[in-house]
Amino acid sequence: MEAAELKENHRQLGLSDEQVLAMYRTMLEARRIDDRMWALNRQGRAPFVVSSSGHEGAQVASIMAMDPDTDWCLPYYRDVGVVLGWGFRPLDIFLGVFSRKSDPTSGGRQMPNHWSLRKSRMFSHSSPIATQYPHAAGIAYAIQKDGGPGAVIVYGGEGSTSEGDWHEAMNFAGIHRLPLIVVIENNQYAISVPVAEEVAGQVADRALGYGMHGVAVDGNDPLAVYAIAREAVDRARRGDGPTLIEAKTYRYYAHTSDDDDKLYRTREEVESWRRRDPLILLKQYLIETRLLSETLEEQMESDITDDLAAAVRQAEAAPAGDDPLARVYALPITPRDPVTSVEADPAGEEVNLITAINQTLHEMMAAHPEAMIFGEDIADPKGGAFKATKGITEVFGKDRCFNTPLAEALIIGIGVGLAAAGKIPIPEIQFADFIHPAFDQIVSEVARIHYRSDGDWQCPMVIRAPYGGGIHGALYHSQSIEAFYAHVPGLKVVVPSTPADAKGLLVSSIEDPDPVLFLEPKKLYRLAKGPYPAGDYRVPLGRAAVRRAGTDLTIVAYGTMSYYSLEAADILAEQGLSAEVVDLRSIKPLDWPTVETSLAKTGRLLIVHEDNEFVGFGAEIAAQASDKGFELLDAPVRRYATPDVPTFPFASKLEEMVMPNTEGIVRHALELAKY
Ligand SMILES: Cc1ncc(C[n+]2csc(CCOP(=O)(O)OP(=O)(O)O)c2C)c(N)n1
């Protein structure tokens with residue numbers, strides 16, 4: 001091995017002697033931390049560790065090209081060298097290894113190495129591979145539109161470049177020429193899968209397809225990595241767009257402490273890469289350039305050993321967290337006094353539901369300069385598939401109301417990044433049926449960011465999605481999705497059924513610090529008409545409305561079924577049956593006290609929704625009724641919902657046969673009353 005293997009000279013790269021020595025020291029510290037973590041694991045003191053050894057050159061050199069005072073950093077789980085370079089202390093890392101309460105990244109809630117720190121603009125990382133790339137793109141978009149000086153660096157392995165989230169993010173970064181640097185640490189394996197089975201050709205070449213600059217570099221040559229990273233950062237700061245850097249490297253330990261790498265790599269292969277260890281290459285260089293003496297090297301080693309011993313001692317002795325139920329929501333909504341009377345309609349000009357949504361979005365964009373609306377076809381001149389966003393680009397400009405590529409995971413993922421950067425993202429999913437590609441971003445990211453960062457980050461996003469049937473939308477333009485998402489801690493789910501509620505709930509959702517799934521019943525867009533309250537008007541989340549008072553039975557519904565239930569109540573009244581109609585408005589949080597109060601009055605409960613009955617949201621209400629309202633019930637709880645068929649067949653006659661309707665509600669109510 002020759003030091004001459006390092007192709008660059010640090011001074012020509014603008015690095016001072018102190019800086020190149022600091023680079024070496026950080027790499028050495030990362031290596032020793034890794035060794036220490038593994039030893040702790042093997043001693044049974046740390047249950048799970050992830051290795052970074054071998055990657056230090058790529059990590060420390062690339063992060064040195066950034067400015068921790070203005071830039072953003074999104075490391076992945078292997079990036080000990082990156083987080084040290086960004087200012088983490090060994091203690092911060094070991095607090096995570098021992099999952100202690102004072103672990104600054106997650107308070108012991110996440111696995112070790114899932115880095116995050118809001119005050120240093122290091123965005124929270126999770127475990128699903130590749131979800132971080134759209135986040136980085138969203139942050140970079142916010143920086144670009146604010147005219148900020150910062151750039152964003154995001155890290156991942158070569159395996160992550162097979163995920164859709166990666167491709168969607170690169171596409172978006174290329175389209176907008178974002179100030180983004182993507183570092184792929186290609187260590188030749190995604191767990192046991194060799195790169196040849198992961199990528200056809202070279203990772204860096206993928207940049208071409210996305211209009212990005214792409215470059216492959218020897219990741220074990222820290223000075224070469226630094227040179228490339230510097231160019232990338234300069235490019236980003238000049239406004240010349242993103243760069244994909246593929247740093248070819250190798251990891252010396254197994255994938256994690258749970259992996260046995262002997263199953264898929266020979267010792268000879270590992271040894272051959274160890275001969276090009278980035279730490280040794282840089283050390284040789286420093287010796288030859290007379291910057292590193294034996295004494296200095298020994299001093300560094302012994303300082304690091306002492307620091308790590310102290311950090312391990314302190315971290316291991318630190319207390320564990322004791323509040324796993326806290327900080328699921330930034331604004332938890334606890335049940336209030338039940339609603340007992342029918343709310344009077346607010347004053348206002350009569351509009352339909354879609355107009356109410358459009359006007360509210362205009363008002364909110366004016367009231368909150370940080371609000372941004374984006375999605376497929378939402379910009380003018382089209383203004384959305386249903387015209388919900390009509391006129392917004394014209395008034396507020398295309399930086400704040402913009403079309404995205406046709407990529408739902410990206411839409412939600414950039415929303416996460418925008419929220420991290422202080423925006424209020426209001427993405428539209430064109431039809432709820434097409435939200436499924438974004439399931440991971442919503443469930444694994446949006447909903448968990450607050451909890452997993454122990455309250456450090458918030459994700460105030462409102463995801464609008466037209467949903468439901470009754471418009472001949474067939475199997476893929478009719479679905480009800482509320483049950484999937486009501487199941488997820490960290491999300492709030494609301495469904496308006498009147499224009500006034502559409503405004504009041506949308507305003508509350510946009511002002512709420514937590515993510516809200518705002519489901520708009522398509523059937524009601526033009527059918528539901530009512531007053532549009534001018535000026536300040538809010539409907540609190542988690543608060544149901546009693547739409548009609550009654551004494552014989554309670555009908556609990558939401559969305560289109562709330563509308564139909566009121567029609568049914570009129571028919572039932574003619575037949576001498578007094579039905580109380582409770583419109584939930586919020587699916588989650590559920591306003592149980594209002595349902596219970598109504599039940600106490602009527603003793604009979606009919607739950608109506610257009611989603612499938614099996615494990616539909618009605619099952620939750622029925623379960624709560626039996627748990628908390630058993631003594632109040634004079635009859636079994638009845639559900640009227642769609643049978644177990646895909647919603648909905650296209651032919652009108654077939655759709656009518658399965659989708660709940662007014663006549664069906666009347667029939668079920670009459671039967672229930674007879675029990
Ligand atoms: C979406 C998803 N699928 C599978 C996994 C399990 N998993 C964890 S790490 C990993 C390999 C990642 O390889 P690569 O991106 O090359 O990064 P490396 O770990 O090699 O640094 C896999 C499959 C996961 N965490 N997320």
Side-chain angles (χ1 to χ4, degrees), residues 30-31 34 37-38 48-60 62-63 74-83 110-115 124-136 153-170 182-204 206 216 219-220 225 244-261 263-265 269-270 273 278 408-410 412-413 416 436-448 452:
R31 177 69 56 92
D34 213 28
M37 278 190 201
W38 279 73
F48 177 79
V49 299
V50 189
S51 84
S52 64
S53 292
H55 288 230
E56 298 91 341
Q59 294 175 355
V60 176
S62 57
I63 204 65
L74 289 86
Y76 84 123
Y77 48 78
R78 210 171 286 297
D79 279 331
V80 172
V82 171
V83 300
Q110 291 229 70
M111 284 177 148
N113 291 27
H114 286 55
W115 323 104
S124 166
H125 178 55
S126 63
S127 297
I129 297 293
T131 50
Q132 72 270 31
Y133 299 111
H135 306 168
I153 191 162
V154 59
Y155 290 85
E158 80 290 348
S160 71
T161 71
S162 301
E163 288 279 3
D165 282 26
W166 187 83
H167 290 272
E168 292 179 18
M170 296 309 111
V182 181
V183 179
I184 298 302
E185 299 173 32
N186 176 0
N187 60 15
Q188 318 302 319
Y189 291 90
I191 308 186
S192 70
V193 180
V195 62
E197 291 172 34
E198 196 73 55
V199 183
Q202 185 168 250
V203 171
R206 295 184 157 189
N220 287 7
V225 172
L244 170 62
I245 300 175
E246 177 189 3
K248 293 179 195 274
T249 187
Y250 202 77
R251 70 170 148 74
Y252 298 143
Y253 286 112
H255 171 72
T256 65
S257 49
D258 290 348
D259 176 39
D260 179 4
D261 66 320
L263 295 173
Y264 56 85
R265 313 192 292 192
E269 180 183 306
V270 178
W273 277 91
E408 285 73 15
L410 173 88
I412 303 304
V416 170
H436 305 316
F439 193 76
D440 189 34
Q441 281 289 348
I442 297 173
V443 173
S444 304
E445 302 297 325
V446 171
R448 283 165 204 244
R452 78 179 186 218

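First listed ligand is number 1; within each ligand, the first listed atom is number 1. Nothing here was measured: the structure is a model prediction, and the numbers come from that model.
Side-chain atoms of Glu246 come within 3.5 Å of backbone atoms of Ala204 as a donor-acceptor pair (strictly under, hydrogens ignored).
The proximity of Tyr77 to ligand 1, defined as any non-hydrogen pair under 4.0 Å, is limited to the side chain. Under 4.0 Å from ligand 1, the heavy atoms of Arg78 that appear belong solely to its side chain. At a heavy-atom cutoff of 4.0 Å, ligand 1 is contacted by both the backbone and the side chain of Ala190. Under 4.0 angstrom from ligand 1, there are no non-hydrogen atoms of Glu185. Contacts between His255 and ligand 1 below 4.0 angstrom, taking non-hydrogen atoms only, involve the side chain exclusively.
Nearest protein heavy-atom contact of atom 20 (O) of ligand 1 is Tyr189 O, 2.9 Å. Nearest protein heavy-atom contact of atom 22 (C) of ligand 1 is Ile191 CD1, 3.6 Å. Looking from atom 21 (O) of ligand 1 to the surrounding protein, the closest heavy atom is Tyr76 OH, 2.6 Å.
For the pair Asn187/His55, a side-chain contact is recorded, criterion being any heavy-atom separation below 4.5 Å from C-beta on.
Defined by atom type and a distance below 3.5 Å, a donor-acceptor pair is missing between the side-chain atoms of Asp165 and Thr131. Of the N and O atoms on the side chains of Tyr189 and Glu198, not one donor lies less than 3.5 Å from an acceptor on the other residue. Side-chain atoms of Arg452 and Ser124 include a donor-acceptor pair closer than 3.5 Å. No donor-acceptor contact under 3.5 angstrom links the side chains of Tyr253 and Ser52, judged on distance only. Side-chain contact, Ser126 with His114: no donor N or O sits under 3.5 Å from an acceptor N or O. Side-chain polar atoms of Tyr155 and Ser62 form a donor-acceptor pair below 3.5 angstrom. Remark: the Gln110 side chain and the His125 side chain contain no N/O donor-acceptor pair separated by less than 3.5 Å.
Near Pro128, meaning under 4.0 Å from one of its heavy atoms, ligand 1 places the atoms 26 (N). If you number the atoms of ligand 1 from 1 as listed, the ones under 4.0 Å from a heavy atom of Ser127 come out as 24 (C), 25 (N), 26 (N). Within the listing of ligand 1, atoms 18 (P), 20 (O), 21 (O) sit less than 4.0 angstrom from a heavy atom of Asn187. Close contacts between ligand 1 and Glu163 involve ligand atoms 1 (C) [criterion: under 4.0 Å to a heavy atom]. The ligand atoms of ligand 1 that sit less than 4.0 angstrom from a heavy atom of Glu158 are 16 (O).
Look at Glu158 and Arg206 and you find no salt bridge, because none of the NZ, NE, NH1 or NH2 atoms lies under 4.0 Å from a carboxylate O.
Residue Ile129 has at least one N or O atom closer than 3.5 Å to an N or O atom of ligand 1. Checked by distance only, ligand 1 and His55 stay at 3.5 Å or farther apart across all their nitrogen or oxygen atoms. For a threshold of 3.5 Å applied to N or O pairs, the pair formed by Ser160 and ligand 1 contains at least one separation below that value. Between Gly159 and ligand 1, at least one pair of N/O atoms sits closer than 3.5 Å. At under 3.5 Å, not a single nitrogen or oxygen of Arg251, backbone or side chain, sits near a nitrogen or oxygen of ligand 1.
Ring to ring, Trp273 and Tyr252 are not that close: their centroids are 6.0 angstrom or more apart.
Using a 4.0 Å heavy-atom cutoff, Gly156 is absent from the residues neighbouring ligand 1.
Across Val182, Ile129, Val203, Val195, a single residue satisfies side chain to side chain contact (heavy atoms under 4.5 Å, CB included) together with Thr161, and that is Val203.
The nearest protein heavy atom to atom 6 (C) of ligand 1 is not closer than 4.0 Å.
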